[in-house]
Amino acid sequence: DLVLGKGLSDESSYVQGRVGLKMEEARIRAADRFLRIGGILDDNTITNEEDKINAWIYQQRPEASRDAMLPMGSSIDIWITMDSTKIQESDTLTMNADEE
């Protein structure tokens with residue numbers, strides 16, 4: 001992907017939780033906040049491109065929090081898996097539901 005821009009903004013955006021989402025949904029939600037998905041790290045359950053498309057996000061950095069803010073244009077790194085047991089119920093998932 002080619003991303004063009006003027007760099008990071010002076011304005012900030014909240015870091016929403018992406019845990020439990022699939023890749024495309026995470027990209028859309030990041031773009032809605034003027035953020036982007038940066039590094040994508042997969043575990044040993046990802047064996048092909050189709051798995052990457054259908055995988056769930058089980059971790060992100062920076063973590064979501066009501067106080068977490070990033071300059072617009074920043075990246076969020078994610079970890080993906082096909083193993084749904086790695087997805088933990090947490091405040092991150094609650095934040096996803098609250099902010100839709």
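Position 1 is the first residue of the sequence, and the numbers go up from there.
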Measure the [atom1]-[atom2] distance between [X] and [Y] for me, rounded to the nearest 0.5 Å.
X   : Y   : atom1 : atom2 : result
D32 : S13 : CG    : OG    : 9.5 Å
F34 : S74 : CZ    : OG    : 13.0 Å
I57 : I40 : CD1   : CD1   : 8.0 Å
N44 : M82 : CG    : CE    : 12.5 Å

Go through the steps to decide whether R29 and L21 satisfy the test side chain to side chain contact (heavy atoms under 4.5 Å, CB included), and finish with yes or no.
CA-CA 10 Å; R29 288 190 185 193; L21 298 179; 3.8 Å; yes

Determine whether the side chains of T81 and D83 contain a donor N or O and an acceptor N or O closer than 3.5 Å.
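No - no donor-acceptor pair under 3.5 Å links their side chains.
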
Any side-chain heavy atom of [X] sitting closer than 4.5 Å to one from [Y]?
X   : Y   : value
R61 : W79 : yes
S12 : L70 : no
D43 : K86 : yes
I80 : M23 : yes
V15 : Q60 : yes
I78 : L41 : no

Looking at [X] and [Y], would you say the former's side chain and the latter's main chain have a donor-acceptor pair under 3.5 Å?
X   : Y   : result
R18 : Q16 : yes
D51 : I46 : no
S75 : I37 : no

If you take all heavy atoms of [X] and [Y], which pair is closest and at what distance?
X   : Y   : value
Y14 : R66 : CE2-O, 3.2 Å
W56 : S84 : CZ3-CB, 3.8 Å
L35 : P71 : CD2-O, 3.8 Å

So, are E25 and K22 salt-bridged, with charged N and O less than 4.0 Å apart?
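A salt bridge is absent here (no side-chain N lies under 4.0 Å from a carboxylate O).
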
